[in-house]
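Notes for the one structure printed next.
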Number of protein chains: 4
Amino acid sequence: MAGNTFGTLFRFTTWGESHGPAIGVVVDGVPAQIALAEADIQHWLDRRRPGQSRYTTQRQEPDEVKILSGTFEGVTTGTPIHLAIDNVDQRSRDYRNIADRFRPGHADYTYWKKYGIRDYRGGGRASARETASRVAAGAVARKILASTGGPGITIRGALVQIGPHRVDRAAWDWNIIEDNPFWCPDKGMSVRWADYLDGVRKSGSSAGAVIEVVAEGVPAGLGEPVYDKLDGDLARAMMTINAVKGVEIGAGFAAAALSGEENSDEMRMRDGRVAFLSNNAGGILGGISTGQDIVVRFAVKPTSSILKPMRTVDAAGNEVEIETHGRHDPCVGIRAVPVGEAMLVCVLADHLLRYRAIGGAV
Amino acid sequence: MAGNTFGTLFRFTTWGESHGPAIGVVVDGVPAQIALAEADIQHWLDRRRPGQSRYTTQRQEPDEVKILSGTFEGVTTGTPIHLAIDNVDQRSRDYRNIADRFRPGHADYTYWKKYGIRDYRGGGRASARETASRVAAGAVARKILASTGGPGITIRGALVQIGPHRVDRAAWDWNIIEDNPFWCPDKGMSVRWADYLDGVRKSGSSAGAVIEVVAEGVPAGLGEPVYDKLDGDLARAMMTINAVKGVEIGAGFAAAALSGEENSDEMRMRDGRVAFLSNNAGGILGGISTGQDIVVRFAVKPTSSILKPMRTVDAAGNEVEIETHGRHDPCVGIRAVPVGEAMLVCVLADHLLRYRAIGGAV
Amino acid sequence: MAGNTFGTLFRFTTWGESHGPAIGVVVDGVPAQIALAEADIQHWLDRRRPGQSRYTTQRQEPDEVKILSGTFEGVTTGTPIHLAIDNVDQRSRDYRNIADRFRPGHADYTYWKKYGIRDYRGGGRASARETASRVAAGAVARKILASTGGPGITIRGALVQIGPHRVDRAAWDWNIIEDNPFWCPDKGMSVRWADYLDGVRKSGSSAGAVIEVVAEGVPAGLGEPVYDKLDGDLARAMMTINAVKGVEIGAGFAAAALSGEENSDEMRMRDGRVAFLSNNAGGILGGISTGQDIVVRFAVKPTSSILKPMRTVDAAGNEVEIETHGRHDPCVGIRAVPVGEAMLVCVLADHLLRYRAIGGAV
Amino acid sequence: MAGNTFGTLFRFTTWGESHGPAIGVVVDGVPAQIALAEADIQHWLDRRRPGQSRYTTQRQEPDEVKILSGTFEGVTTGTPIHLAIDNVDQRSRDYRNIADRFRPGHADYTYWKKYGIRDYRGGGRASARETASRVAAGAVARKILASTGGPGITIRGALVQIGPHRVDRAAWDWNIIEDNPFWCPDKGMSVRWADYLDGVRKSGSSAGAVIEVVAEGVPAGLGEPVYDKLDGDLARAMMTINAVKGVEIGAGFAAAALSGEENSDEMRMRDGRVAFLSNNAGGILGGISTGQDIVVRFAVKPTSSILKPMRTVDAAGNEVEIETHGRHDPCVGIRAVPVGEAMLVCVLADHLLRYRAIGGAV
C-alpha cells in the first residue's frame, strides 16, 4: 500500500531511480513450471530501449536484464522473480542546474512538496526509466497468459496520434508497425510524423501522442465487479504511466455523442458462438471481458523537459527561468507503446489468475 | 481483493442488488471524534436520488439512510460505519422478459459468462443503484476532509456534454448548476439539453454525457507514486462507475495535440506562494497533487436499456430481439454527477490519510 | 487496511457494536452457484449463541441471521453476501458505571487512548459479540470447502483445558463433545470442569481455557510462503479472537523440548500414498499444508469482567475501584470453540481459492 | 497477495533463494528525510550472520548489504529502498542427494506438492537464509521508530529455553546477552546450554528453543481492531519465521490457568501517569498497545536437517532413508533472536504509521 506495487495475485514491485546504480522489479504470484529465460524478457525490453531512433532520448542503455531468483533450471518455481537492470549511461551533472528549481509540468515540484527532498538526477524515481521494470514484468505476464490463457491471446499496440496528426483507420495495417520508428499502423502518416517530429525536435519543443493497445483472444469472464473491474484496473494501469493524462476503453469519449442504439453492440450467433456486430464496448461490459478485442487508448502529454526557457520558481521561492539540457524524448509517447502493452498484459494475467481462483475455466 | 472494496486507509465495501431488500456500505478507516449524523449523509443521497425530473428513471426510491454502527452519541468512534438503505420501489416483474436474453451493451452477458448465474432483476449487482452506496461513503469522506484537510476543500461537479452538445466554457457559472435538472453550468445549454433529451426520451432512445468534477483547495502532496498515483486512483475510481468509458485529468486527450511549451503550466510567486499560470495538469504532476484545482472528466455512454428493439441472443444460443421496458434513465450521465463527486472525495480522503501516515502535514 | 476485514480472496468485513441495533458481515469472494440458505448459517450461529448453559453469559440473543444480498433463488451469485443479525437483548444501563473508568484487562483503556472516545456499552466493538459475525462468515466458508475442496474436509474443535485442568488425551472422544456444555472430548474431565466452573462462577471470578481446532482431509499444497504461510494466517486468525494470548500449531511450544529426530514426522507409503508416522508439524511444513490433520491450539485468558473489586483509574486520572455487573461469561473460552472453528474454516477457504489461482488442483 | 510481502504502510517484499546469486528486500513506505547508510543495516545483519560460533551453521556468509535505491545523499527520499545481499558461500553439491527425496520435518515435500518443482539446493526459498532480508528490513524499521516514535523505544530479544532447559527469570540480566553465543540472559544457564548443545551437535541431532522479544517505550494506541490487532500481526509475523510452531503474548498459554483477578493487570497512577501493577497482557489489550512493555515469545522446533538417518519417501513414491550433510544450525533458534526482534520492529513501524494516518500523535 506504499505505492510501488501493482496487481493482486500477479503482482510486481518496482524499485530504482534514473541515475542510481540499477533498477529492478520483484514479480510475485507467478505459477510454477513456466519456462522463463532472460532472453524471453530481453526481447521486450529491447523494444522499449532508448536511443533507437532520433525521435527518442539519446541516452544509451543496454537494458540488460538479469534473473536473480524465482527460476530453477530454466523454469519458474512459484517463488518471487527478481529482475534487475543496471543503469549504465547516467550523466548526472547534466541535472545540476535543476537541483533547486522546478521544471514546469514535471514532478520536481510535487516530490519536493511531498517529501521535502528529491533525487533530481534524471528525474529520480519519477523518470520514465522506471517503465523498463514494467516491461520486464510484462514479459513474465506474457508467459503466464501463454501457459494459462491459451495460445490465442495476442497483445499489441500502436501509436494513433502525434501532436494533432491522427492515423487514418482505413489505412490501418498491423504488419507495418515494426517497420517505422513510431509503431505507426498507417504508412502515410508515419512519413508525416517523421517530418513533424523533426521540426519539433529542432525547435527544442516536444509533442504529445495517443497510444492504442489491443488484446485479442481474451476469454470472456475476466474482471471483478464492482471496484476491481477490468476497465477500472486498466484505467489505473495506464494512468500510472509517466505523462499519461487520459484513458479510454472502446469508443471512449466518443460514446458520449452516440445514441443508445448506435452505441450498443448487437449480438448474433456465428458458427455456434456469440458474435458482436460492433465493439464500442472495447471488449468490456460491466467490468468483465466479453470475449471481444479489448481496446484501450491513452493520451500522453508532450515531454515537459524542453530546451525552450520556461518561467518557474526555485526552492527558495524566487521566480527564475529554466531550460532543460539533459537527454530527453521529443515525443515520450513513442516509447510508451511497449509500456502500455506491458501494463495491459499484467492486468490480464492478474485477472486471469483471479478468475481461476473462483473456478473460472479459461 | 474480491472486488467490492474501494480504498486503502479510507476504505469502503458495498453490498446489495437492485431488487434485493436493501443495499449498503461498510465504511472503514474513519478517524474517531468526527460528528456524523444521518442527515449529513441524506443530503448527498437526495442529490443522486432517482425520479426527480423527467430526465431520470421514474423509480421512486426515498433512499433513506440508516447508520447502524460506528458512531456513539453522534460522533465517530473509529470503528466501521455501516450505512444501509432499503430498496422500496422494486418492480421485478418488469424484468422477467430479460431473464434469458442479454441486453446489448449491458452486463447481462458477461455476468452470465463469468458466474453462470445472474440476478436479472433490475440489473442485480450491475445496476447503477449500487452507486447510492458510493454517495453515502462519499458523504463520510467529506467529513474527513473537512475535519482533517482544512475547511478550504470544495468538491463539486457539472455535466459538460450531453449527446453531441457541449457547454460553452466562457458561459460557465457554478451558481446555476442546482437550478436545472442537469447540473449544467451553462444556462443556454441547459435549455438546449432539455429539448434534446425530450426528443431522445420520446423516441425511446438514450444519450451519453461527459461529467467534470473539480476539487478546490486540495493541499499539495497527496498521491503515492508510482502505482498509487492520485490520478491513477482517480482513473480507476471513475472507470468503475456504471457506463463510464473514458477518464481525463486536466487537459486530458487534448494535451496530445499541444506542444511542450503550451502544455507545461509555468510557475510564478503570488503573495509569497507558488502560483501556476495555467492548469493543463489538472492539479496533478507525477501522481501527486500540486495544490491547484484537481480536474477530472469522465465519459458516460448512453444507457443501454432502450425501448427500441435490438438484436441479441439468449442463454440457449438463439438469435432473438429484445426491448427493455423497466424504468431507466434516458441519460444515466445526469445522476453520475454526484457519484463522480463522491468518488473524487473518497480518493482524496484516502490519500489524505496516507499522506498523514508518512508525516505529511495537511 | 483499516482493520475490520479478514482474508484475501475469500474475505469478510464485519461491523457492529455490542449494544448497537445490529451486527453483521459482508462476505466477498464467494464463488457463484453454491446453494446457500439462512438455515445453513443459523446452524453454526446456534452453537455459539449465548445463554445456553449456566457457564456462559445470560444475555439472551436469538442471533437470527438474514441474508440481504449475494444470493438469487437460493444460490450464490458471486456478488457480496451481506449477513445481518439484530441485537435484541441489550441492557446498556448495566454499563453506565464503567463509562468513565477502565476495567483492568479489558480494551476500555486502549480504545480510549487510541480513539479518545469509546462506546462503553457492553464493550462496544471490543465485545465478543463481534465473533457471531465470524461464525456466520465461517458458515459460508464451509460451503466453499464442501463445493471446492471435496467432501472429505471436516473441521471441528474441542476445549482441552479450563483453568489448570487439562483433558486426558487417552480419553479423547469426538463423539461426546456435543453432549456436554464445554465441547469437552474427555467425559471425566467434563464433570470436573462443571464443578470447577460452578465454584469460579459463585466466587465472582472467571477462568481461562485452551481450545484445539482440527481440520481433517485438507489437501496438501495450501499456503503461500513466505509471509502468507498457512500457519502464519492461522496464528493471526486465532490471535484476533477476543482474549486469546497464545497460538500453537501441532506440537507447538512442546516442540522446543524435543530432539530433531523426535520432532520430525517420518514418512512411509501406505496404499500408494504418503503417510506420516506422527504429526508434530500439525499438518503444516514450510507454511504449506502436508495433507495431514491441521491442528491449532489457542489459549484464552480468563474473562476480565469479574464481580470482584479491582483497582483501576478513571478517565480523569483518579485511582478508583471497579466491579463489573453486566452479564458475562465466567469462561469465555467455551464459546470460543465455534469461533476458532470458523476462523480455521475461513483461512482454509481463502487459501483454497488462492491455490486454485496458481493452478493447484484440489 | 502472492505471499512474499509483509506489512501494510511500512511494507517489505523479499526475494531470493539460499543458493541463488543473491537475496534481497524492497522496503516501501519509508518516510523521507531519515538518515540511512549501509552501516546502519550491516550492524544488525552481523548479529544474525552464520558461522559466529560452533552452535550455528558453519556456512561463511559476509552478508554485506548494498543500498541500491531509495536514498539520496545519505537520506531516505520516500521511494522504495532496495537492499541486496550477495550469496557467497554456497556449496550446492552437498544437496544433490536430497534432490529427489524429502527431508522429514522440512518444506521439501510441501513445496514439491504445491509447485511440482523445487530448488532443493540449501532449501531454496524455504531456507532460513531468507531471514537475513527480514533483519535488513528491520534495520530500516528501527530508523523509522527512532525518527517517528520518539527516542524511548527499545527492542531486544533473548533466548529463554533450549531443549528442555529454561532460564531462571530471577537471574535475568539483559546486560549479558551479548556476552554468550546464545543471547542468554541467565549466566548459569548459558554455561549449561553450551554443554547441552555440544552433546546435541556431536550426536548429529538438533535442539529446539524459545525466544522472547520485548519492546519497551512503545506508546499506547498502536493496533487496528479487530483483524489488524497488534497481537494478531505479531503472531503472524513470528509464525512466518522458519521453524516456529507457537507464539505467545504476555502470560500466553499460562494465562489459561490463572483466575480473572490474577490475570488482570490492575492500574494505579504514578507521577501523574497510568501505571499497571503487572503485565500479563504483554502490553496489548483489545489488540491495541497499552504503553507497557510488549512481550512476545515464540517456539522454534529443532532443526529438521540432522545427521541421523530418518525414514522418508522419494518423489517416485519409494520408501527410502535420508541423512542430511549440508551445513546446518544444531539449534536454529539461536539465530532466530535477531529475526524475531526484526519482525517486532517491522510490525511496530507499520502500526506507528497507521496510527499517524488516523491522527494519532506518537
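Residue numbers start from 1 in every chain, and the chains themselves are labelled A, B, ... in the order their sequence lines are given, proteins ahead of strands.
Shortest non-hydrogen contact noted between Met239(A) and Ile249(B) is CE-CG1, 3.5 Å. Of all the heavy atoms in Ala2(B) and Glu224(A), the pair that sits closest is O-OE1, 4.1 Å. What you find for Ile358(A) and Tyr115(B) is that their closest heavy atoms are CD1-CE2, 4.1 Å.
A distance of 8.5 Å separates OG1 of Thr240(A) from CG of Asp231(B), quoted to the nearest 0.5 Å. The distance from the CE atom of Met269(B) to the CD atom of Glu319(A) is 7.5 Å, given to the nearest 0.5 Å. Tyr111(B) OH to Ile288(A) CD1: the interatomic distance, rounded to the nearest 0.5 Å, is 5.0 Å. The CZ atom of Phe102(B) sits 12.5 Å away from atom OG1 of Thr290(A), with the distance rounded to the nearest 0.5 Å.
Put simply, the side chain of Lys114(A) never gets that close to the backbone of Leu222(B): no donor and acceptor are under 3.5 Å apart. Although no hydrogens or angles enter the test, the distance criterion places no donor-acceptor pair under 3.5 Å between the side chain of Lys113(A) and the main chain of Gly221(B). Panel note: side chain Thr110(A), backbone Leu285(B); a donor-acceptor pair is recorded below 3.5 Å.
There is no contact between Asp108(B) and chain A, counting heavy-atom distances below 4.5 Å. Residue contact with chain A, scored on non-hydrogen atoms closer than 4.5 Å, is absent for Arg273(B). Neither the backbone nor the side chain of Ser203(B) comes within contact range of chain A; no heavy atom of the residue lies under 4.5 Å from a heavy atom of that chain. Interface remark: Arg270(B) contributes side-chain atoms only to the contact with chain A (heavy atom separation under 4.5 Å). Val296(B) does not touch chain A: none of its heavy atoms, backbone or side chain, sits under 4.5 Å away. With a 4.5 angstrom heavy-atom cutoff, Phe253(B) touches chain A via backbone and side-chain atoms both. Neither the backbone nor the side chain of His165(A) comes within contact range of chain B; no heavy atom of the residue lies under 4.5 Å from a heavy atom of that chain. Looking at Val313(A), both its backbone and its side chain come within 4.5 Å of chain B, counting heavy atoms on both sides. With a 4.5 angstrom heavy-atom cutoff, Thr303(B) touches chain A only via backbone atoms. Only the side chain of Leu277(A) comes within contact range of chain B, with heavy atoms under 4.5 Å apart. Both the backbone and the side chain of Val226(B) come within contact range of chain A, judged by heavy atoms closer than 4.5 Å. Residue Val200(A) does not touch chain B at all, counting heavy-atom pairs closer than 4.5 Å. Residue Leu230(B): no heavy atom, backbone or side chain, is found under 4.5 Å from chain A.
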Inset, instruction - Could you walk me through whether Glu261(A) and Ser205(B) pass the side chain to side chain donor-acceptor pair (under 3.5 Å) test, one step at a time? - result: CA-CA 7 Å; Glu261(A) 59 272 30; Ser205(B) 184; 2.6 Å; yes

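Note on Gly163(A), Ala126(A), Ala251(A), Gly272(A): by heavy-atom pairs under 4.5 Å with chain B, the leading option is Gly163(A). When the candidates Arg103(A), Arg166(A), Met267(A) are compared by the number of heavy-atom contacts under 4.5 Å with chain B, Met267(A) comes out ahead. Counting heavy-atom pairs under 4.5 Å between each of Arg236(A), Glu248(A), Lys301(A), Arg268(A) and chain B puts Arg268(A) at the top. Contact tally against chain A (heavy-atom pairs below 4.5 Å) for Gly116(B), Gly204(B), Ala255(B): the top residue is Ala255(B). Counting heavy-atom pairs closer than 4.5 Å to chain A, the top residue among Gly333(B), Gly291(B), Gly287(B), Ser259(B) is Ser259(B). Options Ala207(A), Pro225(A), Ala107(A), Ala209(A) differ in how many heavy-atom pairs under 4.5 Å they form with chain B, and the most are formed by Pro225(A). Options Ala281(A), Gly286(A), Gly260(A) differ in how many heavy-atom pairs under 4.5 Å they form with chain B, and the most are formed by Gly260(A). For the options Val274(A), Ile241(A), Asp233(A), heavy-atom pairs under 4.5 Å to chain B are most numerous at Val274(A). Residue with the most contacts toward chain A among Glu130(B), Met238(B), Arg297(B): Glu130(B) (heavy-atom pairs, distance under 4.5 Å). Comparing Gly208(B), Pro164(B), Ala299(B), Ala256(B) by how many heavy-atom pairs each has under 4.5 Å with chain A, the most go to Ala256(B).
At a threshold of 4.5 Å between non-hydrogen side-chain atoms, the residues Ser264(B) and Ser304(A) count as touching. Under the 4.5 Å side-chain criterion, counting only non-hydrogen atoms from C-beta, Pro104(B) is not in contact with Asp265(A).
A donor atom on one side chain and an acceptor atom on the other are not found under 3.5 Å apart for Tyr227(B) and Arg11(A).
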